Amino acid sequence: SVVRYCLPLLSPQVMGGSSVLNYMIYNRGHYRDYDQWELLGNPGWGYRDVLKYFLKLEDMTIPELARDRTYHNVGGPVSVTYIPWHTPLASAFLEAAQLKGGWLNDYNGATQTGYSYLQVTMKNGTRWSSNRAYLGPIRDRRTLHVSKQSVVTRILVDPVTREATGVEFVRDRRRRVVRARREVIVSAGAINSPQLLMLSGIGPREHLQEKGIPLIQDLAVGYNLMDHVSAGAVLFLVNQSVSLRAERILDSHDDYVDYIAYHTGPMSIPGGCESVGFVDLKDPQNRDGWPDLELLFNSGSIISEPTLRNNFGIDEALYQKMFAPVEGRDSWMPLPMLMRPKSKGRVMLRDRNPLRKPLIYHNYFQYPEDLDVLVDGVLRTIELSDTPPFQKFGSTLHKTPVPACASKGFGTREYWRCHIRHFPFTIYHQSGTCKMGPRSDPNAVVDSRLRVHGVGRLRVVDASIMPEIPAAHTNAPTYMIAEKAADMIKEDNGAPM
Ligand SMILES: Cc1cc2nc3c(=O)[nH]c(=O)nc-3n(C[C@H](O)[C@H](O)[C@H](O)COP(=O)(O)OP(=O)(O)OC[C@H]3O[C@@H](n4cnc5c(N)ncnc54)[C@H](O)[C@@H]3O)c2cc1C
């Protein structure tokens, strides 16, 4: 059966983009992710090449990790640390995982599988966004111009030379144009970069024809949309006041003081996420495994904070039936996450109006094996909940079924398949829609130097160029792409490196 589900997506219109509102999870991905990029026809993107840029961006402030100078660096612009404060449930998760055969690991080190407290992009307990890391330090540079409150509506491409010459944008309701002396670099993210290219005549021929946009270059822009979807609304109740609950934190003078004065306490935990496990389901004991499943431990759940159900697009009637009866209880929620999806979606134009949001089809469970990874994730988490570290807190699975799935028998694989199709939470890792690849790849939009195929003086530099989504939260990989692009741009323009 097809479950149609609309997920609210966030569109961060701020300096620093999604890094200003993301969960700050710092994660590089597996070496095979990047070796695969290279194998797909992208020279220079193998792990041995990109590791240099991951190191360049990093300022590792966790002393025991910083000592590993092969995989970590200090002094880069992006500060990385552990969250300064933890609930006892986060430790229970790590202890439970070890009792079930897991191991602790630095998931940004030589190998990725295993369990850990989250490494996050924070400094002194506060968010360290791309804006603070990269733009703050150079804000007075005379060559840096930022136009705030501006929306780019089109890339200007000379139809004769087929070269980008500048961009058109709107500010204060006025159309403006800025010309590029060297090249135009599009970094509008995996939803808006393809939108901008298509509005400018670079995209799939038929789609542009249908929208009445003159074609400049026929390319598979908008295809190859990937994300890390997770199994939402699987929650466990506990019988002690050990989880994060919004009203308890907001009523607590101590929690305010802890955060405002010392940047610690429950308020320093980004979105309730505290610890994580990476699992290669095909070979779970392999310490060098390539994870297809992530278990993201959350020390609260959709009943802990009133806005969460809206963020996750949960139907109000369903919420009232399934979850309202346990509101006010302490709880935790794993987010089993699909790390290497086979299913791919597409971004399309709604119409020619650049101010209207494009259409986004995630196509999450096109391949049933994608859904099966999440079912395995849910079953593993139930096993963790049954271990003594969680039983100390009386952890029990909340067993009210999704009404439409009840006939499958609560707890069976069939039931969880149905449940997950009702609650596919996005982790907001949209990527891949301006795919990097050689000209021979019919889905490629940019080449391995991130230049748009068939259009001169135009590059795309953001999460949209990922040919395959890495087994990683996508912020650090996007920083890596930007660092590498900066070197390529300098090189191509004869600037000193
Ligand atoms: C809620 C949320 C939580 C996340 N949590 C994590 C996490 O914990 N860890 C992690 O690694 N990743 C996380 N991510 C993903 C990560 O933040 C993104 O993958 C990464 O920031 C992508 O960077 P980007 O430059 O490709 O796009 P974005 O960060 O989306 O930046 C694009 C920018 O372009 C601007 N823009 C778009 N269109 C136009 C236009 N027409 N004119 C002018 N400006 C435009 C946007 O306003 C935005 O500022 C999260 C994302 C979200 C939304």
Side-chain angles (χ1 to χ4, degrees), residues 7-29 54 57 78 80 83 107-108 118-122 127-131 133-135 146-155 167-171 176 178 184-200 225-228 230 269-274 276 294 296 298 307-308 311-312 335 337 339 347 353-358 425-434 450 460-466 469-483 485:
L7 282 171
L9 287 182
L10 301 172
S11 173
Q13 287 164 354
V14 280
M15 296 289 292
S18 306
S19 74
V20 174
L21 48 77
N22 71 15
Y23 291 94
M24 299 183 253
I25 298 165
Y26 176 72
N27 183 198
R28 222 175 253 171
F54 278 119
L57 68 89
V78 179
V80 180
I83 302 162
Y107 57 84
N108 290 316
L118 283 173
Q119 297 174 33
V120 289
T121 45
M122 277 186 176
R127 177 181 295 275
W128 201 249
S129 65
S130 60
N131 191 26
Y134 285 98
L135 285 176
V146 175
S147 177
K148 292 186 174 178
Q149 310 287 334
S150 309
V151 179
V152 177
T153 48
R154 201 157 60 96
I155 304 153
V167 297
E168 180 187 86
F169 67 102
V170 176
R171 193 176 64 202
R176 298 156 197 260
V178 60
V184 173
I185 297 159
V186 178
S187 302
I191 304 300
N192 297 115
S193 283
Q195 181 191 25
L196 257 182
L197 290 186
M198 290 190 280
L199 287 167
S200 316
L225 171 65
M226 294 167 284
D227 185 17
H228 290 140
S230 70
I269 297 176
C273 301
E274 291 197 67
V276 71
E294 176 181 320
L296 179 56
N298 203 296
T307 60
L308 273 180
N311 287 355
F312 286 122
L335 285 175
M337 197 188 300
M339 294 312 276
V347 173
N353 181 349
L355 302 180
R356 291 197 71 201
K357 294 187 167 62
F425 287 2
T426 175
I427 302 294
Y428 307 97
H429 291 174
Q430 284 74 24
S431 46
T433 47
C434 300
L450 308 186
V460 182
V461 181
D462 58 27
S464 72
I465 66 98
M466 297 178 183
I469 190 167
H473 293 249
T474 44
N475 203 23
T478 308
Y479 288 164
M480 175 278 287
I481 291 166
E483 287 280 10

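Indexing begins at 1, ligand by ligand and atom by atom, following the structure's order. All values derive from a computational prediction rather than experimental measurement.
Ligand 1 has a nitrogen or oxygen under 3.5 angstrom from a nitrogen or oxygen of Ile25. For ligand 1, the polar-atom distance check finds an N/O of Val152 within less than 3.5 Å of one of the ligand's N/O atoms. For the pair Ser464 and ligand 1, the shortest N or O to N or O distance does not fall below 3.5 Å.
Here the side chains of His228 and Glu294 are not in contact, with every heavy-atom distance at 4.5 Å or above. Residues Val184 and Val167 form a side-chain contact, since some pair of their non-hydrogen atoms from C-beta on lies under 4.5 Å apart.
Residue-ligand proximity, Ser187 to ligand 1, at heavy-atom distances under 4.0 Å covers atoms 32 (C), 33 (C), 34 (O). Those atoms of ligand 1 with a heavy atom of Val14 less than 4.0 angstrom away are 49 (O). Atoms of ligand 1 lying under 4.0 Å from any heavy atom of Gly17, numbered from 1 in the order shown and given with element: 29 (O), 31 (O), 48 (C), 49 (O). For ligand 1, the atoms lying closer than 4.0 Å to a non-hydrogen atom of Val151 are 41 (N), 42 (N). Near Met24, the atoms of ligand 1 lying under 4.0 angstrom from a non-hydrogen atom of the residue are 7 (C), 8 (O). In the vicinity of Thr478, heavy-atom distances shorter than 4.0 Å reach the ligand 1 atoms 22 (C), 23 (O), 24 (P), 25 (O), 26 (O). Close approach to Asn192 involves these atoms of ligand 1, each under 4.0 Å from a residue heavy atom: 37 (C), 38 (N). The ligand atoms of ligand 1 that sit less than 4.0 angstrom from a heavy atom of Ala463 are 26 (O).
In terms of modelled atom types and a separation under 3.5 Å, the side chain of Ser187 and the main chain of Asp462 share no donor-acceptor contact. In this structure, Thr153 contributes its side chain and Pro354 its backbone to no donor-acceptor pair below 3.5 Å. Between the side chain of Ser129 and the backbone N or O of Gly16, no donor-acceptor pair lies under 3.5 Å. Checking side-chain atoms of Ser230 against main-chain N and O of Phe425 turns up a donor-acceptor pair under 3.5 Å. Panel note: side chain Gln195, backbone Arg356; a donor-acceptor pair is recorded below 3.5 Å.
Legend: residues meeting side-chain contact (heavy atoms from CB on, under 4.5 Å) with Ser200, ordered by chain and number and at least two apart, are Arg154, Ile155. Every residue meeting the ring pair (Phe, Tyr, Trp, His ring centres under 6.0 Å) condition with His473, not counting sequence neighbours, appears here in chain and number order: His429.
Of the heavy atoms in Ser150, only backbone atoms (N, CA, C, O) come closer than 4.0 Å to ligand 1. The backbone and the side chain of Thr474 each have at least one atom closer than 4.0 Å to an atom of ligand 1 (non-hydrogen atoms only).
Checking Ala188, Ser431, Ala472 against atom 35 (C) of ligand 1, the nearest heavy atom belongs to Ala188. Of the listed options Phe169, Tyr428, Tyr23, Tyr428 places a heavy atom closest to atom 53 (C) of ligand 1.
In this structure, Leu21 is part of the shell of residues with a heavy atom less than 4.0 angstrom from ligand 1.
Residues Met480 and Phe54 come closest through the heavy atom pair CB-CE2, 3.6 Å.
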